[in-house]
4 protein chains.
Amino acid sequence: MAKSDKRDKVVRAALELIAERGYHGAPMAMIAEQAGVGAGTIYRYFENKDALIIDLYREIDERIYAAIMAGYAPEKPIRERFHHIITVLMRYFIEHPSDFRYLGQFHNSPYGAEVRRNIILSNNGDNYIYRQLLEEGVSQQVIKDLPMVVLFALAFGPLKAVVRDHILGFITLDDAMIEQIMEASWDGIRR
Amino acid sequence: MAKSDKRDKVVRAALELIAERGYHGAPMAMIAEQAGVGAGTIYRYFENKDALIIDLYREIDERIYAAIMAGYAPEKPIRERFHHIITVLMRYFIEHPSDFRYLGQFHNSPYGAEVRRNIILSNNGDNYIYRQLLEEGVSQQVIKDLPMVVLFALAFGPLKAVVRDHILGFITLDDAMIEQIMEASWDGIRR
Amino acid sequence: MAKSDKRDKVVRAALELIAERGYHGAPMAMIAEQAGVGAGTIYRYFENKDALIIDLYREIDERIYAAIMAGYAPEKPIRERFHHIITVLMRYFIEHPSDFRYLGQFHNSPYGAEVRRNIILSNNGDNYIYRQLLEEGVSQQVIKDLPMVVLFALAFGPLKAVVRDHILGFITLDDAMIEQIMEASWDGIRR
Amino acid sequence: MAKSDKRDKVVRAALELIAERGYHGAPMAMIAEQAGVGAGTIYRYFENKDALIIDLYREIDERIYAAIMAGYAPEKPIRERFHHIITVLMRYFIEHPSDFRYLGQFHNSPYGAEVRRNIILSNNGDNYIYRQLLEEGVSQQVIKDLPMVVLFALAFGPLKAVVRDHILGFITLDDAMIEQIMEASWDGIRR
DNA sequence: GATGAATGAGGGTTCATTCAT
DNA sequence: GATGAATGAACCCTCATTCAT
């Protein structure tokens, strides 16, 4: 409807601009213009720029969660589930490079520190699914017995690095390559 | 002395403030104050804020390179050299968390994109040592035959993630843990 | 109204301040204050200070042109038309001393050099009317056969000097005096 | 000697830079550099920038006065003396365009207003020679009976305008042209 | 005397936010 | 609700001037 419509346009414009130009390079007036909306209108949906930035983060997070849950089969073996997650994540980011770049900026900004706490500690959100998987793997002695934080790093660290290089054009990730990277990541965490 | 003195104070203040508060949160006036220096003084050493930011990046880069080269033995086996590099890097970042956070911000900013190209492609700087090692490992069939970019991701991606979590207080990296992480990273790249 | 309103106030404030105090002595903040406007508002109407300065010049130029064209009769004899122009110009400047002083500053600044080229060479603007008159006078052998630039100097040089002295209070130009000056200028160019 | 030497270099550098770039474009540091002198050194000879600017004006004024007095014959007829003055002035400015441009800037700045008062009213300086000549001409009924200020305007107004256009490249003043301009100026003031 | 590094007030400009329409 | 003109605090940077060497 009307309301959601404008809000959406704002969110999309903000995503694109911030991803491409950083927080610096994306003033509210520019976001408004790109969204085809009055500058004041943004403040009807977001209390201020910070709120917009944080909200935008949450929306991206949710989309990623949804992407992973679509087709996720909790009853399948650990390795297959790991395969699913890594593959979906890489494909998602490749198809939504702005989301990826936005997250990169977000996590390395003062905003990110606080939010990250939840990613690690909370029992909800998309994060839970990862943790559950890894914990299960540990208890089944399929995955190395390392702190959760370390397993996260081993599982997702390479993914993140490789996706960035893909987006920057230093490598092209086709299905075969994704497979190999997933395999190598698995080598990192598996017993 | 005189010259280096002020310049150094500026660099240190900028590093600390930007690491902690982001580019946003570190106006030139604040950097000057923290450095105990007049605002105009900064411009005697750096053409503008961008130049300061890029210079600061270079200095950090050099310090890291120096840290790695101290004690690096090119004649030792691949695995040992890998061990050295990963261990030194982790320790360096743990001891210099501001450097780590600064780099995080830098790489995820418009500044970083350009610089990163060199990291990947150039044949000089500290990067060369990494690449040489990995290439050697590939040709000796000790390391997986994957694109350089992917090997970088597998080698350093986990490191980066885990160091961040250490700095944020989500985990404490002692020597034993560093060893285990290094081991797991090696599992990721080794054949 | 709304738009013209603020813009106009800015232009008037800038004119007054720059005329009186020079470019130096008229910072944007002062112009804004005198205009009763926020500092940022100026930038809604002018890209930067230079643009304001040049625009202001153009507006003055147009007003002068309009003043001359009102009552200008192209069919009248050369001398009468010359009389009209000189008289109107002197009266205009006497009534608008800020305009005069602004022009003086403008022409003797780096801005002026470029603009002056057009004044001499172009075929449009108020300048055209002067040139046409003088060329006609030359071809009718009423006016000395000298380069256009020289005729301009002879026609308007004294006017400019005398108006400045009037504004500075060294002389008072009443109608009789204006008439005499016009007459003497005519002696300078007439055959 | 040493002292005059440095002072002179400063004055020359200031003249050149201000003439070419305006007061804006000639910071003290730039003047110092162009003069081959330390920035602080300027303040040994001039109290501040304003003092330098005014002093520089005076020096130019003196040079012009000297140029006129060289070869000036008070016993010659009015017209010949007028011829001498106008010719020398034009030649001087053509040979010293920086002096001319400097004066243009000076007179149209806040500095100029005060100084100009003396030019008109005082009984000393080079100005006196002009006035004496014109007054003599009036009393001999060779020159129009107009206020001194007006005669100045008629005598020097065209000169100034024409020299500027020469310097800007809109006309080239050779000896013949100088003669004609002088002649026309004379027509303006003579009875 | 001479220097030029250091200073910091002040200048031009941007931009998040508000509010009258 | 929506707009976008208006605001002014805050930013980056310059530059006249000082003063320790």
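Quick note on labels: first sequence line is chain A, next is B, and so on, each numbered from 1. Quick caveat, the model's predicted, so the values are computed rather than measured.
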Do any N or O atoms of the protein come closer than 3.5 Å to N or O atoms of nucleotides 19-21 of chain E, and which pairs are they?
none

Determine whether the aromatic ring centres of residues A/Phe106 and A/Tyr23 are separated by less than 6.0 angstrom. no
How long is the line joining [atom1] of [X] and [atom2] of [N], in whole Å?
| X | N | atom1 | atom2 | value |
| --- | --- | --- | --- | --- |
| A/Ile42 | E/dT18 | CD1 | P | 13 Å |
| B/Tyr43 | E/dG8 | OH | P | 15 Å |
| B/Phe46 | E/dA5 | CZ | C1' | 15 Å |
| A/Arg7 | F/dG1 | CZ | C1' | 16 Å |
| A/Leu52 | E/dT17 | CG | P | 10 Å |
| A/Ile53 | E/dC15 | CD1 | C1' | 13 Å |
| A/Asp50 | E/dC15 | CG | P | 16 Å |
| B/Arg44 | F/dT17 | CZ | P | 16 Å |

Show the nearest heavy-atom pair for residues [X] and [Y], with the distance to one decimal.
| X | Y | value |
| --- | --- | --- |
| C/Ala39 | C/Ala32 | CA-CB, 3.7 Å |
| C/Tyr102 | C/Ile53 | OH-O, 2.6 Å |
| C/Pro27 | C/Lys49 | CA-NZ, 4.1 Å |
| A/Leu17 | A/Ala26 | CB-CB, 3.9 Å |

Considering only [options], which nucleotide approaches the side chain of [X] most closely?
| X | options | result |
| --- | --- | --- |
| C/Asn48 | E/dT13, E/dG1, F/dA16 | E/dT13 |
| B/Val37 | F/dT18, E/dA2, E/dT7 | E/dT7 |
| C/Ala39 | E/dG8, E/dT17, F/dA9 | F/dA9 |
| B/Lys49 | F/dC12, F/dA5, F/dT17 | F/dC12 |
| B/Tyr45 | E/dG12, E/dT18, E/dA5 | E/dA5 |

Determine whether the side chains of D/Tyr43 and D/Asn48 contain a donor N or O and an acceptor N or O closer than 3.5 Å. no
Nearest-0.5 Å distance that lies between atom CD in A/Gln34 and atom CG in A/Leu15: 10.0 Å
Anything under 30° is parallel, anything over 60° is perpendicular, the rest tilted; go ahead and classify A/Phe93 against A/Phe100. perpendicular
Starting at the 5' end of DNA chain F and moving along, which residue's nearest nucleotide shows up first, B/Tyr23 or A/Gly36? A/Gly36
Within-4.5 Å side-chain heavy-atom neighbours: D/Leu103 and D/Ile64: yes
Using salt bridge (Lys or Arg N to Asp or Glu O under 4.0 Å), reason through D/Arg58 and D/Asp55 one step at a time and then give a plain yes or no. CA-CA 5 Å; D/Arg58 290 216 187 90; D/Asp55 244 59; 3.7 Å; yes
Taking everything shown except B/Glu20 itself, do over 12 heavy atoms lie less than 6.0 Å from its CD? no
Within a radius of less than 6.0 Å around CZ of A/Arg63, do more than 12 heavy atoms belonging to other residues, nucleotides or ligands occur? yes
Which string of ( ) [ ] | and . matches DNA chain E, if you list each base 5' to 3' and count Watson-Crick or G-U pairs only when both distances are under 3.5 Å? .||||||||||||||||||||
Within residues 24-31 of chain C, which residues have any heavy atom lying less than 4.0 Å from an atom of DNA chain E? C/Pro27, C/Met28
